Structure formats: structure tokens, C-alpha cells
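What follows is a set of notes on a single structure, which appears directly below.
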Number of protein chains: 2
Amino acid sequence: MLSTHCTPAQTAVLQTLQRQHRPLSAQSLYTLMCQHQRIGLATVYRSLDALKRLGRVQHRATLEGEMLYSAVEADHHYMTCLHCGQSFPLDRCPLKAIEAQLQGSSSFTIYYHTLEFFGLCEPCAIQMDGISQSLSL
Amino acid sequence: MLSTHCTPAQTAVLQTLQRQHRPLSAQSLYTLMCQHQRIGLATVYRSLDALKRLGRVQHRATLEGEMLYSAVEADHHYMTCLHCGQSFPLDRCPLKAIEAQLQGSSSFTIYYHTLEFFGLCEPCAIQMDGISQSLSL
DNA sequence: TTCGAGAATGATAATCATTCTCATTTTATG
DNA sequence: CATAAAATGAGAATGATTATCATTCTCGAA
């Protein structure tokens with residue numbers, strides 16, 4: 001990790017994210033934290049930004065463009081359906097070996113990666129199939 | 001691919017993205033297209049959204065949170081430095097095999113994936129190293 | 001070819017996530 | 001303690017994205 005020095009707010013934000021085992025938007029993170037402590041929305045954003053640069057928090061954008069933040073250690077990846085927009089978590093990361101190999105062959109020091117698959121989940125694929133046939137495409 | 005039916009605006013947006021071999025923000029895409037044709041900003045956004053759902057366009061958010069769009073066929077991945085924010089493209093995708101395997105073992109139909117590595121580029125790693133030492137951390 | 005319904009588009013207003021500003025509070029340090 | 005620097009919260013400002021709506025285009029049916 002880069003540095004370990006964190007402000008109290010940064011620590012609180014990170015802990016909250018770690019306890020939620022799912023990605024959160026900045027707004028819902030803020031709402032959630034307000035239930036237990038006093039914190040400003042700007043501080044949430046500032047902390048998320050600092051934690052991103054510390055390599056402790058990662059972000060991804062949903063199909064709709066909503067930005068979601070999660071603790072890096074969770075290291076979860078998703079398959080996201082292009083039709084219904086739902087995201088399905090992968091149960092394990094298929095990239096450990098590749099990351100190690102890349103690490104060895106380049107001067108870049110990797111802390112974490114993001115990986116997401118896009119396509120159609122089964123129900124949507126079936127539904128689209130039905131539509132295609134009824135339109136005789 | 002999902003469907004091939006595209007409106008003229010969607011086709012123009014996709015072609016512009018394909019000709020640029022780099023991710024573009026919606027705004028710069030709009031500016032670029034205005035030089036050659038008449039198109040509204042809202043239409044650019046609408047087309048990008050439609051193309052995302054058609055599996056032809058993908059988006060990613062930079063460290064700073066800027067949303068960048070690119071044609072899926074480009075299939076580029078990046079290593080992004082957490083310190084300076086620069087993104088370095090990978091020259092090939094290390095995931096073909098894994099995608100095929102995942103395709104076989106799940107009922108999800110994959111059209112494309114996004115993959116990005118985060119860490120430190122060499123100059124930043126050296127610079128940070130110097131700082132650490134001077135602070136005797 | 002002409003008509004009409006529905007889709008697509010452009011301009012612009014509205015929304016809302018994110019960032020900025022600044023006064024106040026906390027922290028680190030001598 | 002005293003002080004400076006950093007962190008914070010509240011609310012204003014910004015700017016990307018989305019919604020609205022009047023107009024234009026598309027295309028099948030007459």
C-alpha cells in the first residue's frame with residue numbers, strides 16, 4: 001500500500017465501506033454514516049478521493065453512470081447485464097496469475113485491478129430471443 | 001451483438017469513436033463531431049447510452065471521475081497510476097482464455113469486458129520512494 | 001406520391017453528483 | 001499552553017447528464 005496515514009474521517013469512510021460488502025454511491029455512504037456519526041458530504045467525497053489515491057478504495061460506474069465505491073480488499077468483480085442493468089458478482093477473481101505475470105514483465109507496480117464483464121443475463125437473453133423471433137429478425 | 005439497428009446519430013457517434021483510437025468524454029466527442037456535422041449534445045448522450053446497451057460502446061471513469069467512452073472493438077485496457085493519474089494502455093488483452101472459460105461455465109452471455117490495473121508508474125514510484133526516505137517512514 | 005403515427009433530434013431548462021469556499025475546529029509540535 | 005497547518009462541515013457554485021418539448025425525419029399504408 002502507498003501510505004497508511006489516514007485522517008479520522010478517512011478511517012471512518014473506509015471502515016464503513018469495508019463493513020458493507022457491496023459497492024455504495026457517495027450519497028448512500030453519506031446517508032449511512034450520518035446515522036452513526038457527524039460527517040459532512042464534502043468530507044465523504046474528500047475521503048473517498050484520498051482513499052482512492054492510497055489504493056484502498058476503488059470506484060466503478062454502472063451502466064446508468066452512477067459511481068459506486070468499494071473497499072479494495074473486497075476485490076469483487078461483476079457481470080453486468082446490458083439489458084436490465086443488474087450486476088452479478090463473480091465468486092472469485094480469475095486474474096491473480098495474470099496480475100503476477102504483468103507485475104513481473106513491466107515497471108508498473110500494481111496495487112489492484114478492476115474487472116467487469118458485460119453481456120446478457122439468462123432471463124434477459126431469453127426475453128430478447130423471444131422478441132427477436134416475434135419480430136422475425 | 002445485440003441488435004444492429006442504429007439511428008444515423010448513433011452510427012455517427014460510433015464511427016467517430018472508432019476513428020479516435022482513444023477514450024473520449026461526451027463533451028469532447030460532441031465538440032469533435034460539431035466540426036463536421038450538426039448534432040446536439042443531448043443526442044450524443046442519448047446515442048452513447050443506446051450504444052452502451054447495444055454492447056458497441058463501453059465507458060470507464062478516470063481516477064478524477066471523468067467518464068470516458070470508447071468503441072468496444074478497440075478492447076483496450078489500461079494501467080493507471082494512482083499518483084499522477086496517467087493511464088498507460090496494455091498492448092494486448094490477457095483475458096481471452098478466461099472469458100471463454102467463464103462463458104462456458106455460466107449462463108451469462110458475455111459481449112465484452114473492462115479491465116484496468118491501478119498502482120504506480122515507475123517515475124511516481126521512484127518519486128514516492130524518495131519522499132518516504134526523506135521522511136524516514 | 002401523400003398521409004399520419006411514432007421515433008429521433010436539437011435547443012434549452014432542470015437536476016443532481018461533485019467540487020469549491022470559507023469560517024470553524026482539530027491536530028501536531030515547539 | 002501557543003501557534004500553524006491540516007481537516008472539517010455547511011452551504012454555494014459548478015458542470016456533466018437528463019428531461020422536456022416543439023420540430024423534423026422515417027416509413028408503412030392508402
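Computation of the quantities below employed the complete heavy-atom set of this structure, encompassing side-chain atoms and omitting hydrogens, waters and symmetry-equivalent molecules. Note that the coordinates shown come from a computational prediction; the quantities given were computed from them, not determined experimentally.
Atom P of nucleotide C:dT9 and atom CE of B:M33 are separated by 10 Å, given to the nearest angstrom. Summarising the geometry, the separation between CG on A:L51 and C1' on D:dA7 is reported as 14 Å, rounded to the nearest angstrom. When rounded to the nearest whole Å, the span between CD1 of A:I39 and C1' of C:dT24 equals 17 Å. Atom CG in B:L48 sits about 9 Å away from atom P in D:dT17, given to the nearest Å. Taking atom CD of B:Q10 as the reference point, atom P of C:dT9 lies 7 Å away to the nearest angstrom. Per the geometry, CZ belonging to A:R38 stands 12 Å off C1' belonging to C:dT26, to the nearest Å.
Ring geometry for B:F108 versus A:F88: interplanar angle over 60°, hence perpendicular rather than tilted (30 to 60°).
Under a 4.0 Å N-O distance rule, the pair A:R60/B:E116 does not qualify as a salt bridge. Taking 4.0 Å as the cut-off between side-chain N and carboxylate O, A:E64 and B:K52 do not count as a salt-bridged pair.
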Measure all distances between protein nitrogen or oxygen atoms and nitrogen or oxygen atoms of nucleotides 15-19 of chain C, and list the pairs falling under 3.5 Å.
from	atom 1	to	atom 2	distance (Å)
C:dT18	OP2	A:Y45	OH	2.3
C:dT18	O5'	A:Y45	OH	3.2

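Side-chain nitrogen and oxygen atoms of A:T43 include at least one within less than 4.0 Å of the OP1 or OP2 phosphate oxygen of D:dG9.
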> Under the side chain to side chain contact (heavy atoms under 4.5 Å, CB included) criterion, do A:L115 and A:L95 qualify, and how do the steps go?
Replying inline: CA-CA 9 Å; A:L115 170 62; A:L95 267 188; 3.9 Å; yes

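Judged by distance alone, with hydrogens and angles left aside, the side-chain atoms of B:Q103 form a donor-acceptor pair with the main-chain N or O of B:I110 at under 3.5 Å.
Not counting sequence neighbours, A:R46 has no partner by the salt bridge (Lys or Arg N to Asp or Glu O under 4.0 Å) test.
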